[in-house]
2 protein chains.
Amino acid sequence: MRRERVTIADVARRAGVSKVTVSYVINGREGKVRISDETRQRIWEAIRELGYRPNALARALTRQRTSTIGVVMQYAAIFGGWSGFILELLHGASHEAIEQQYDLMMYTGAHGDDAEHEANAIMDGRIDGALLLRDIDDPLSDILADSGFPHVLIFTRSRRPDVYYVDCDNVKGGYMATKHLLDLGHRAIVHLRGSSHSAPALDRWHGYVQAMREEGIEPDEEWVIEMPGPLSDATPLVELMRSPNRPTAIFAWSDDVAIRAMQVVREMDLRIPEDVAVVGYDSTEVCNHTDPPLTSVRQPIYEMAREGVRTLVRLINGERPRRIARVFEPTLDIRRSCGAS
Amino acid sequence: MRRERVTIADVARRAGVSKVTVSYVINGREGKVRISDETRQRIWEAIRELGYRPNALARALTRQRTSTIGVVMQYAAIFGGWSGFILELLHGASHEAIEQQYDLMMYTGAHGDDAEHEANAIMDGRIDGALLLRDIDDPLSDILADSGFPHVLIFTRSRRPDVYYVDCDNVKGGYMATKHLLDLGHRAIVHLRGSSHSAPALDRWHGYVQAMREEGIEPDEEWVIEMPGPLSDATPLVELMRSPNRPTAIFAWSDDVAIRAMQVVREMDLRIPEDVAVVGYDSTEVCNHTDPPLTSVRQPIYEMAREGVRTLVRLINGERPRRIARVFEPTLDIRRSCGAS
DNA sequence: AAAGATGCATTAACCGATTAATGGGTAAGC
DNA sequence: GCTTACCCATTAATCGGTTAATGCATCTTT
């Protein structure tokens with residue numbers, strides 16, 4: 001039983017006034033234009049009786065602003081793992097969006113889409129700005145920046161001095177995780193690294209290398225295994241753990257990969273943390289529920305997402321905050337998977 | 001360096017034709033209107049040179065369709081747990097949306113919003129239809145239905161014969177989980193139930209009761225504990241597990257609650273599955289990575305979400321499929337947490 | 001040579017709002 | 001009695017597109 005669309009003109013007709021008057025009443029333009037209480041009341045009545053709802057498209061078209069922001073993710077990146085990372089990010093973003101009176105649109109893009117195409121979809125007027133969660137070598141941000149389209153990168157740094165971003169110090173995070181293991185006496189430490197297109201993944205790896213070298217250990221090439229997601233092939237890890245000089249510790253670039261590693265280790269009848277210590281990254285809620293609970297580097301995902309939205313809104317409003325980079329500090333949540341507590 | 005908005009009029013001017021001609025070229029109205037190759041080429045050139053991108057708002061306004069669908073969730077429901085459920089749902093929905101050439105918008109709503117408000121936001125013209133993930137007693141669907149706004153409920157049933165929904169047989173799911181435990185010899189089985197506003201939660205509970213009764217067991221009231229999320233208070237469970245006639249099995253209404261329960265059990269130095277068997281619900285990826293891997297009732301979340309989008313798109317296109325209810329069958333993924341394999 | 005068909009592009013109207021500029025009536029000021 | 005001020009509401013223009021109807025050459029057909 002689809003009612004016909006009720007427009008502002010219908011309301012105007014019903015209330016016996018012009019469209020404009022209705023518009024003024026709805027938007028409460030106090031100070032600019034005064035409407036008599038009687039008229040105002042008649043209009044509200046008509047609105048209620050007709051069940052009128054303003055059309056956001058039309059409104060956005062004239063206002064030149066939609067009050068909607070987009071969250072643009074890399075298709076593969078989002079759904080590759082089952083980690084709580086994305087969810088916590090969305091939670092933070094949506095919380096802050098609500099706070100700022102914005103709506104949220106999700107852009108996942110199709111698999112084969114090129115950046116040009118994606119950029120067109122993003123800049124087609126439906127959103128005022130975008131939060132980008134993308135690889136470091138992704139061209140999308142460049143296109144947006146060249147067009148002056150407001151956007152903020154999150155969980156990565158930008159390659160241009162004019163592009164705002166919210167990140168966490170991943171080198172330090174990687175360093176902290178590794179140092180913790182070193183301090184516990186481990187020397188043979190494996191690093192399960194993320195994609196080589198991911199700035200955080202590379203940075204965490206560098207942090208790992210840095211900590212190792214500081215200890216006078218040149219990390220063996222075999223010790224760094226690329227495992228971007230929990231579904232990645234784990235045989236290199238299995239083989240390494242079978243070798244005579246088996247590593248005694250694993251630092252994984254993400255929690256879900258760490259959990260996958262724990263499973264691999266368990267299946268080899270090795271104990272955690274007695275035989276193998278494990279450290280993850282993100283310290284998502286699931287870390288509290290693994291057995292043993294997983295030590296992990298925490299980045300304030302929720303807060304970072306909120307900060308991203310806040311910055312984005314400022315950009316949309318034409319502000320140009322001094323600080324381009326907003327880099328949070330990681331901390332280490334020590335649980336029991338490394339035998340430290 | 002914000003360029004001024006390039007409009008279709010700019011392109012027209014540059015190419016020396018009218019707006020309409022440009023519109024025709026862009027939308028390739030073959031058969032209706034013919035444009036000479038030379039003009040067509042000039043227009044594309046102008047488009048490229050000016051970096052023109054059609055404005056989706058304006059287009060949607062005239063076309064009366066936005067090619068965007070909304071996913072409307074209950075704020076609390078989404079972010080209450082860390083389960084992969086929502087993620088898998090979003091994955092499926094976004095996959096099918098791409099397939100159907102639609103974009104996705106996320107509505108989370110603010111905490112205090114009433115349904116009227118939410119309905120207004122949903123029906124403001126920005127989306128052609130909505131996928132609703134809401135409580136069974138939620139009034140939102142009623143409002144949408146009364147306005148004839150295309151929408152599909154997912155992971156719940158509808159209370160009206162004219163509202164389409166995609167669900168999984170939760171009574172059967174609850175029955176299967178419980179029956180499995182009964183078959184393994186368990187008699188004292190606890191059920192960790194979800195919210196009383198959630199149809200799936202209630203149905204799973206009913207399935208549990210049904211299976212118990214079939215076995216001649218009247219489930220004790222104390223055996224049913226409301227634990228909607230992994231962060232819910234677990235003391236009732238703890239106390240129950242401490243009691244002299246301690247239950248030997250737990251059936252949790254969701255995976256994350258099951259994992260929380262496993263943790264509680266472990267902290268009491270009870271072994272899983274030897275002392276306590278555990279069964280979860282959803283069979284999300286994380287079930288493969290717990291220790292021991294978690295037996296769980298599987299509902300095809302990804303596929304259900306896709307089906308929801310498919311149905312929604314048909315409704316948007318004015319079709320009225322015969323079948324209002326699309327109910328999937330649950331299956332049981334037996335892993336090691338109940339000692340059966 | 002008149003009528004009809006074809007090819008190409010234009011004009012006019014509309015989608016549903018917002019905003020600036022304007023207008024008309026009544027009361028107050030001098 | 002004329003100006004000024006104020007209150008309330010309207011008219012006109014605009015946002016950036018789409019679509020139906022129309023116009024006008026040029027080419028065919030009879």
Side-chain angles (χ1 to χ4, degrees), chain A residues 3-44 46-47 50-68 120 123-128, chain B residues 3-44 46-47 50-67 120-121 123-128:
Chain A
R3 293 206 205 109
E4 286 313 306
R5 280 202 152 291
V6 179
T7 75
I8 199 169
D10 299 322
V11 175
R13 207 169 306 125
R14 173 116 186 181
V17 295
S18 71
K19 297 192 312 180
V20 177
T21 308
V22 177
S23 172
Y24 281 144
V25 166
I26 289 173
N27 298 301
R29 283 251 164 293
E30 307 303 339
K32 289 224 52 172
V33 178
R34 323 182 58 89
I35 310 289
S36 73
D37 282 350
E38 195 245 313
T39 306
R40 188 187 307 277
Q41 205 171 316
R42 229 174 42 242
I43 289 176
W44 278 120
I47 288 177
L50 296 174
Y52 168 68
R53 313 175 202 277
N55 182 306
L57 295 181
R59 171 176 285 172
L61 193 57
T62 52
R63 287 213 184 139
Q64 298 285 55
R65 110 174 342 216
T66 63
S67 293
T68 305
N120 280 341
M123 294 192 280
D124 69 4
R126 282 179 304 182
I127 57 175
D128 295 333
Chain B
R3 293 205 205 110
E4 285 313 306
R5 279 204 151 291
V6 179
T7 75
I8 199 170
D10 298 323
V11 175
R13 206 169 309 123
R14 172 116 186 182
V17 295
S18 71
K19 295 193 314 179
V20 177
T21 308
V22 177
S23 172
Y24 281 143
V25 165
I26 288 174
N27 298 301
R29 283 250 165 293
E30 305 305 338
K32 290 222 54 172
V33 178
R34 322 184 59 89
I35 309 288
S36 71
D37 282 348
E38 195 246 313
T39 305
R40 188 186 307 278
Q41 205 170 315
R42 226 173 45 241
I43 290 176
W44 279 121
I47 288 177
L50 295 175
Y52 168 68
R53 312 174 203 277
N55 181 307
L57 295 180
R59 170 176 286 171
L61 193 58
T62 53
R63 288 217 182 133
Q64 297 285 56
R65 112 175 338 217
T66 64
S67 293
N120 280 341
M123 295 191 279
D124 69 4
R126 281 179 304 180
I127 57 176
D128 295 333

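Just so it is clear: chains get the letters A, B, ... in the order the sequence lines come, proteins before strands, and each one is counted from 1. In this text, all values refer to a predicted model and were calculated from it rather than measured experimentally.
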Below 4.0 Å: OP1/OP2 of [N] and any side-chain N or O of [X]:
X	N	result
A:N27	C:dT18	yes
A:T21	D:dT10	yes
A:Q64	C:dT18	no
A:S23	C:dT18	yes
B:S18	C:dT10	yes
B:S36	C:dG7	no
B:T39	C:dA9	yes

### Query
Bend across the helix from C:dA1-D:dT30 to C:dC30-D:dG1, to 10°, with axes taken over 5 pairs at each end?
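About 60° separates the two local helix axes.
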### For A:N27 against A:R59, the heavy-atom pair lying closest together
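Scanning both residues completely, I find the closest heavy atoms to be OD1-NH2, 3.4 Å.
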### Task
Map B:A58 and B:D37 onto DNA chain C by nearest heavy atom, then report which one ends up closer to the 5' terminus.
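By nearest-heavy-atom nucleotide position, the 5'-most residue is B:D37.
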### Message
Pick the closest DNA chain C nucleotide for B:K19 and for A:R59 by heavy atoms, then say which residue is nearer the 5' end.
### Response
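Residue closer to the 5' terminus by nearest nucleotide: B:K19.
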### Task
For A:V20, report the nucleic acid contact type (base, sugar-phosphate, nothing); a contact means any heavy atom under 4.0 Å.
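Result for A:V20 = base.
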### Query
Are more than 12 heavy atoms from other residues, nucleotides or ligands located less than 6.0 Å from atom CD of A:Q64?
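For A:Q64, atom CD is crowded (more than 12 foreign heavy atoms under 6.0 Å).
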Among the nucleotides [options], which one has an atom lying closest to any side-chain atom of [X]?
X	options	answer
B:Y24	C:dA9, C:dA17, D:dT19	D:dT19
A:T7	C:dG16, D:dG17, C:dT18	C:dG16
A:T62	D:dC8, D:dC15, C:dT10	D:dC15

Rounded to whole Å, please give me the gap between [atom1] in [X] and [atom2] in [N].
X	N	atom1	atom2	value
B:L57	C:dT18	CG	C1'	14 Å
B:M123	C:dA17	CE	P	14 Å
B:Y52	D:dG16	OH	P	10 Å
A:R126	D:dG16	CZ	P	17 Å
B:D10	D:dC15	CG	P	10 Å
A:I8	C:dC15	CD1	P	14 Å
B:R40	C:dG7	CZ	P	13 Å
B:I47	D:dG16	CD1	C1'	14 Å

### A:R42 side-chain N/O to A:A15 backbone N/O, donor-acceptor pair under 3.5 Å
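Yes, the answer is positive, given that a donor and an acceptor are paired below the 3.5 Å cut-off.
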### Query
Is a side-chain donor or acceptor of A:T68 paired with a backbone partner of A:T66 at a separation under 3.5 angstrom?
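Yes.
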### Task
Can you spot which of A:I43, A:I35, A:T7 makes a side-chain contact (heavy atoms from CB on, under 4.5 Å) with A:V22?
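Result for side-chain contact (heavy atoms from CB on, under 4.5 Å) with A:V22: A:I43.
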### Query
Of all residues at least two apart in sequence or in a different chain, which pass the side-chain hydrogen bond (donor to acceptor under 3.5 Å, both in side chains) check with A:D124?
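A:D124: side-chain hydrogen bond (donor to acceptor under 3.5 Å, both in side chains) contacts with A:R126.
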### Query
What residues form a side-chain hydrogen bond (donor to acceptor under 3.5 Å, both in side chains) with A:S67, not counting sequence neighbours?
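Result, side-chain hydrogen bond (donor to acceptor under 3.5 Å, both in side chains) vs A:S67: none returned.
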### Query
Do B:S23 and B:I8 touch side chain to side chain, with heavy atoms closer than 4.5 Å?
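B:S23 reaches B:I8 side chain to side chain.
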